[in-house]
Amino acid sequence: MRKMESYTYKRWNKMWRLWKRNKLDSPLNELVTYDNYMAHGHLYYFQYLRYENEIKRNIWVIKNYLSKEIYDNLLKAYEIYKDNLEIINNKKISDFEIEKLFMEVDEKFYEDAYELTKIIMIELSDFTNIKINNLKEKWRIMKKFKRC
């Protein structure tokens, strides 16, 4: 059991390293982006993506992977963002007031955050580009082939 946990942990860390270098394929890239920027809330996530087309593309890609509750919450947050974009961009209200606009949807996300982690883990298990080379195991297999 320990070896599997260690292997999963290594794959998880490698996934984040690849994400930082922008080398993850879709949809894992979009799911990890959502997970990462949601540490600061929906507003931060939308501001990172910046352009409406990019936001819509990200939402469209992750739609099929999120649970209905998380997806509906994301859409609700996006509506708040679109409806208040001028206020947000022009700083017509304080940062605190802007954060209050997103408080309900952010709290809902944080309640379901573990669900997103599970989704990413499932996608990670199917993602073949993240391989951890176990040199001891590789060496043992090579020895077996040499005997044949």
Side-chain angles (χ1 to χ4, degrees), residues 1-138 140-141:
M1 186 65 176
R2 279 266 195 233
K3 284 185 181 182
M4 190 55 160
E5 288 173 3
S6 174
Y7 180 75
T8 302
Y9 180 74
K10 287 177 183 176
R11 280 177 57 93
W12 183 261
N13 286 337
K14 187 168 184 180
M15 175 195 70
W16 282 105
R17 286 192 304 273
L18 290 172
W19 177 80
K20 285 179 184 175
R21 288 187 251 143
N22 202 22
K23 294 191 177 199
L24 281 182
D25 292 337
S26 189
L28 192 55
N29 182 57
E30 288 81 0
L31 288 165
V32 173
T33 299
Y34 182 52
D35 184 47
N36 182 62
Y37 288 102
M38 278 306 299
H40 304 287
H42 284 95
L43 177 61
Y44 193 76
Y45 171 68
F46 295 132
Q47 287 177 329
Y48 166 76
L49 294 175
R50 226 178 261 148
Y51 303 109
E52 187 173 350
N53 288 342
E54 192 172 352
I55 293 170
K56 285 181 178 179
R57 188 190 71 73
N58 264 46
I59 291 173
W60 181 79
V61 168
I62 64 178
K63 172 186 181 179
N64 296 323
Y65 298 90
L66 300 179
S67 67
K68 181 171 176 24
E69 295 80 25
I70 295 174
Y71 180 70
D72 289 346
N73 192 56
L74 174 57
L75 289 181
K76 187 175 179 182
Y78 183 55
E79 288 301 317
I80 293 169
Y81 179 74
K82 283 191 329 188
D83 292 346
N84 295 289
L85 192 56
E86 185 181 327
I87 294 169
I88 293 167
N89 288 339
N90 295 331
K91 300 280 186 181
K92 290 185 176 180
I93 57 175
S94 70
D95 289 343
F96 178 74
E97 293 295 322
I98 292 171
E99 290 293 327
K100 276 178 61 175
L101 294 172
F102 290 92
M103 190 174 298
E104 183 183 329
V105 288
D106 286 350
E107 286 176 4
K108 175 67 178 143
F109 172 83
Y110 297 134
E111 289 172 12
D112 299 329
Y114 181 70
E115 185 73 26
L116 182 58
T117 302
K118 287 190 328 190
I119 293 165
I120 291 172
M121 290 299 285
I122 291 167
E123 285 306 305
L124 179 59
S125 68
D126 294 338
F127 194 72
T128 56
N129 290 348
I130 299 179
K131 294 179 181 156
I132 304 299
N133 293 326
N134 184 340
L135 296 178
K136 288 181 184 177
E137 183 66 21
K138 187 176 181 181
R140 188 178 65 76
I141 292 169

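Hydrogens, waters and symmetry mates play no part in the numbers below; they use all other heavy atoms, side chains included. Quick caveat, the model's predicted, so the values are computed rather than measured.
- The side chain to side chain contact (heavy atoms under 4.5 Å, CB included) check on Asp95 picks up Lys91, Ile98, with sequence neighbours excluded.
- Residues Tyr48 and Thr33 are in side-chain contact: their nearest non-hydrogen atoms beyond the backbone lie under 4.5 Å apart.
- A distance of 8.5 Å separates NE2 of His42 from CZ of Phe102, quoted to the nearest 0.5 Å.
- Here CD of Glu99 is found 7.0 Å from CG of Asp106. Values are rounded to the nearest 0.5 Å.
- With sequence neighbours excluded, the residues satisfying salt bridge (Lys or Arg N to Asp or Glu O under 4.0 Å) with Glu52 are Lys56.
- A pairwise comparison of heavy atoms in Ile119 and Ser67 identifies CD1-N, 4.1 Å as the closest pair.
- In this structure, the separation between CE on Met15 and CH2 on Trp12 is 4.0 Å, given to the nearest 0.5 Å.
- In this structure, Leu24 CG and Lys14 NZ are separated by 11.0 Å, a value rounded to the nearest 0.5 Å.
- Screening residues 59-68 for salt bridge (Lys or Arg N to Asp or Glu O under 4.0 Å) gives Lys68-Asp72 as the qualifying pairs, with residues at least two apart or on separate chains.
- Applying the ring-ring contact (aromatic ring centres under 6.0 Å, His included) test to Tyr45 and every residue at least two apart in sequence or in another chain returns Tyr34.
- In this structure, the side chain to side chain contact (heavy atoms under 4.5 Å, CB included) partners of Glu107, at least two apart in sequence or on a different chain, are Met103.
- Remark: Arg50 pairs with no residue by the side chain to side chain contact (heavy atoms under 4.5 Å, CB included) rule, at least two apart or across chains.
- The two residues Asn58 and Leu49 come nearest to each other via the heavy atoms ND2-CD2, 3.7 Å.
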Which atom pairs, one a donor and one an acceptor, fall under 3.5 Å between side chains of residues 80-90 and the rest of the protein, sequence neighbours left out?
from	atom 1	to	atom 2	distance (Å)
Lys82	NZ	Glu79	OE2	3.4
Asn84	ND2	Ile80	O	2.8
Glu86	OE2	Lys92	NZ	2.9
Asn89	ND2	Leu85	O	3.4
Asn90	ND2	Glu86	O	3.3

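- Residue pairs satisfying the salt bridge (Lys or Arg N to Asp or Glu O under 4.0 Å) criterion with at least one member in residues 26-42, sequence neighbours excluded, are listed as follows: Glu30-Arg57.
- Considering only residues two or more places apart in sequence or on other chains, Glu104 meets the salt bridge (Lys or Arg N to Asp or Glu O under 4.0 Å) condition with Lys76.
- For residues 52-80, every residue pair satisfying the ring pair (Phe, Tyr, Trp, His ring centres under 6.0 Å) rule, not counting sequence neighbours, is listed here: Phe46-Tyr78.
- To the nearest 0.5 Å, atom CD1 of residue Ile55 and atom CD of residue Gln47 are 9.5 Å apart.
- Between the CG atom of Leu18 and the CZ atom of Arg11 there is a distance of 10.5 Å, given to the nearest 0.5 Å.
- Listed by first then second residue, pairs satisfying side chain to side chain donor-acceptor pair (under 3.5 Å) with a partner in residues 109-124 read Lys108-Asp112, not counting sequence neighbours.
- Between Ala77 and Val105, the closest heavy-atom pair is CB-CG2, 3.8 Å.
- In this structure a side-chain-to-backbone donor-acceptor pair under 3.5 Å is missing from Asn29 to Asn22.
- Contacts of Lys20 classified as salt bridge (Lys or Arg N to Asp or Glu O under 4.0 Å), with partners at least two apart in sequence or in another chain: none.
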